[in-house]
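Working notes for the structure below.
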Amino acid sequence: MMSQRSKRELLAEIQPRYLKAKKAEKQKILDEFTAATVYHRKYAVRLLKHGYPPHRSKPKGRRAIYRGEVVQVLKQIWEIYGRICSKRLHPYLPEGIKVLERCGELTLAAETKELLLSISCSTIDRCLAPARFNHPSGLSTTKPGSLLKKNIPVRTFADWSEDKPGFLEVDLVAHCGDTAAGAFLDTLTCTDLCTGWTEPIALRRRSQETVCSAIGAMRPDLPFDLLGIDSDNGSEFINDLLYRYCLKEKITFTRSRPYKKNDQAHVEQKNWSVVRHTVGYDRLDSDEQFAILQNIYQDLRLYVNFFQPVLKLVSKQHIGSKVICKYDTARTPYQRVLERDNVSLARKANLLNQYLRLNPVELRRRIDEHVAQLWSTVCHE
């Protein structure tokens, strides 16, 4: 079979002869040409009369703006701030870049910085698409506690509309691996509904004593007063010890409906984005792993609350079979706390001083080092 180049050379050779020839001779030339090129006769006639059409280059389209150094810096910032989605990263980019420059972790050319500050959410998604990945899921270890259920009111996801910080959803994350048999470590996750402030706390064992003690120890770390807690129906929460503690401290205590995870949508989301995303699904059950987990959470709570912007649902509208959700502009829990008028100026000043001393890159580095240390203990067991 002839190559395209040979066909063009053959056409250039016989086309002048074809155009000057009589009808009978044209038939012979056409027969020879179609036999050599295996072209359809109609197409061959068009070529012999008019030649090959001029080569049309592919439309160039719009010139790519975000490439090279801009994409590399964007990916670096995305990694530093925990690989968050574009809807959370985009509004936080100006503050995030400012923090990294203040800490000496990032030096940008004026043109690169200008492009990063003008980038859109869709462009962020396109630039970071090759680096995204999926994660597995874990086991549920909640066991119902029947004690005092009548005394602890049920709250659904639509009941709490408090527009002030201090009302927390609490839940346990089991580090049991593939089986819930035997003893293993747990994480108590506490999330404020108003600001998204989250406190992860490592527990050596799952019991009403450890949960109650952890909630009491967590309170001084909160930038606001603890006004209420909402738990699932597990016996580690629904018990006389925690119930009496909340009565004594004048803390509102409610529970979700059994088997309705949407009643605790805020803390369930943090169970994944904060705890599982960081330490994974391996089984953790030793004292060494407990100490490492405590070190991880010591830095993780600062990293999440000061440098992880969160979205809050503003409205939800049902149109036929579709649900249209609208969210506010993503801001960090720290920024949301500063916006609240019911948080004292002294606490806001303490938060600001703490924020100015923090380096997100150093926090992320220490977290990754401790996580690698934790996983090495899992691999050797």
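Within the 4.5 Å cutoff, no side-chain heavy atoms of Y66 are placed close to those of R126. Considering only heavy atoms from C-beta on, P165 stays 4.5 Å or farther from W197 through its side chain. Looking at L106 and Q76, their side chains come closer than 4.5 Å, going by heavy atoms from C-beta outward. Put simply, the side chain of Y245 reaches to within 4.5 Å of the side chain of I251, judged on heavy atoms. Side-chain contact between F307 and I80 is absent, with no heavy-atom pair separated by less than 4.5 Å. Using a 4.5 Å heavy-atom cutoff, the side chains of V45 and L30 are in contact. Taking 4.5 Å as the limit, every side-chain heavy atom of T377 sits out of range of all side-chain heavy atoms of S286. Residues E369 and D299 form no side-chain contact, since every pair of their non-hydrogen atoms from C-beta on lies 4.5 Å or further apart.
A salt bridge does not link D192 to R340: none of the charged nitrogens lies less than 4.0 Å from a carboxylate oxygen. Using a 4.0 Å cut-off between charged side-chain N and carboxylate O, E9 and R5 make a salt bridge. With respect to the salt-bridge test (charged N to carboxylate O, under 4.0 angstrom), the residues E169 and K270 do not qualify.
A perpendicular orientation is assigned to the rings of Y52 and Y39, their planes being inclined by more than 60° (bins at 30° and 60°). Note on ring orientation: taking the six-membered ring where Trp is involved, the planes of F306 and Y334 are tilted (angle from 30° to 60°).
In terms of heavy-atom proximity, L241 sits nearest to E209 at CD2-CA, 3.8 Å. The two residues C127 and P130 come nearest to each other via the heavy atoms O-CD, 3.7 Å. The minimum heavy-atom distance linking S231 with I238 is given by the pair OG-CD1, 4.0 Å. Contact record, A21 with I29: CB-CD1, 4.2 Å, taken as the closest heavy-atom pair. In terms of heavy-atom proximity, F237 sits nearest to L242 at O-CD2, 3.5 Å. Pairing each heavy atom of L47 with each of L11, the nearest pair is O-CD1, 3.8 Å.
Cation-pi contact between R364 and Y303: present, with separation from the ring centre below 6.0 Å and deviation from the ring axis of at most 45°.
Checked by atom type and distance alone, the side chain of K312 pairs as donor or acceptor with a backbone atom of C194 at under 3.5 Å. A donor-acceptor pair under 3.5 Å is absent between the side-chain atoms of R301 and the main chain of E199, judged by distance alone. In terms of modelled atom types and a separation under 3.5 Å, the side chain of W78 and the main chain of I84 share a donor-acceptor contact. Judged by distance alone, with hydrogens and angles left aside, the side-chain atoms of N233 form a donor-acceptor pair with the main-chain N or O of S256 at under 3.5 Å. Looking only at distances, a side-chain donor or acceptor of Q289 sits under 3.5 Å from a matching main-chain atom of D285. Of the possible polar contacts, none joining the K326 side chain to the V314 backbone as a donor-acceptor pair under 3.5 Å is found. Looking only at distances, a side-chain donor or acceptor of R283 sits under 3.5 Å from a matching main-chain atom of T179. Of the possible donor and acceptor atoms, none in the side chain of Q208 sits under 3.5 Å from a partner among the backbone N and O of N239. The closest donor-acceptor contact from the side chain of S213 to the backbone of T210 lies at 3.5 Å or more, if one exists at all. Remark: the backbone N or O of R206 is not paired with any side-chain donor or acceptor of E236 at under 3.5 angstrom.
Under a cut-off of 6.0 angstrom, the local environment of CD in E114 is sparse, with at most 12 non-hydrogen atoms contributed by other residues, nucleotides or ligands. At most 12 heavy atoms of other shown residues, nucleotides or ligands fall within 6.0 angstrom of atom CZ in R244. No more than 12 heavy atoms of other residues, nucleotides or ligands shown are found within 6.0 angstrom of NZ on K75. Residue-environment remark: CD (Q335) exceeds the threshold of 12 foreign heavy atoms within 6.0 Å. No more than 12 heavy atoms of other residues, nucleotides or ligands sit less than 6.0 Å from atom CD of E111. Remark: L356 CG is packed, more than 12 non-hydrogen atoms of other residues, nucleotides or ligands lying under 6.0 Å away. The environment of K113 atom NZ is sparse: at most 12 non-hydrogen atoms of other residues, nucleotides or ligands sit within 6.0 angstrom.
Note on V267: it does not cluster hydrophobically with M218, by side-chain heavy-atom contacts below 4.5 Å among ILVMFWY residues. I97 and V73 fall within the same hydrophobic cluster, defined by Ile, Leu, Val, Met, Phe, Trp and Tyr side-chain heavy atoms under 4.5 Å apart, directly or through other members. Linking Ile, Leu, Val, Met, Phe, Trp and Tyr whenever their side-chain heavy atoms come within less than 4.5 Å leaves L313 and F167 in two separate clusters. Under the 4.5 Å side-chain contact rule for hydrophobic residues, L93 and I65 share a cluster. In this structure, L115 is a member of the same hydrophobic cluster as L128, with clusters built from ILVMFWY side-chain heavy atoms closer than 4.5 Å.
Side chains of D230 and T254: a donor on one and an acceptor on the other come within 3.5 Å. Between Q264 and D232, the side chains place no donor N or O within less than 3.5 Å of an acceptor N or O (distance only, hydrogens not considered).
Distance check: E101 CD to K98 NZ gives 10.0 Å after rounding to the nearest 0.5 Å. Going from atom CG of L185 over to atom CZ of R205 covers 12.5 Å, rounded to the nearest 0.5 Å. Taking OG1 of T191 as the reference point, atom CD1 of I229 lies at 13.0 Å (rounded to 0.5 Å). To the nearest 0.5 Å, atom CZ of residue R366 and atom CG of residue N359 are 8.5 Å apart. In this structure, the separation between CG on D328 and CG on L311 is 6.5 Å, given to the nearest 0.5 Å. Atom-to-atom distance recorded for H50:NE2 and Q15:CD is 9.5 Å, nearest 0.5 angstrom.
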Could you give me the CA-CA distance, side-chain angles and deciding distance for R365 and E362, then say whether salt bridge (Lys or Arg N to Asp or Glu O under 4.0 Å) is met? CA-CA 5 Å; R365 188 180 299 120; E362 185 60 32; 2.5 Å; yes

Salt bridge (Lys or Arg N to Asp or Glu O under 4.0 Å) between R347 and D225, worked out: CA-CA 11 Å; R347 285 181 168 176; D225 295 328; 3.0 Å; yes

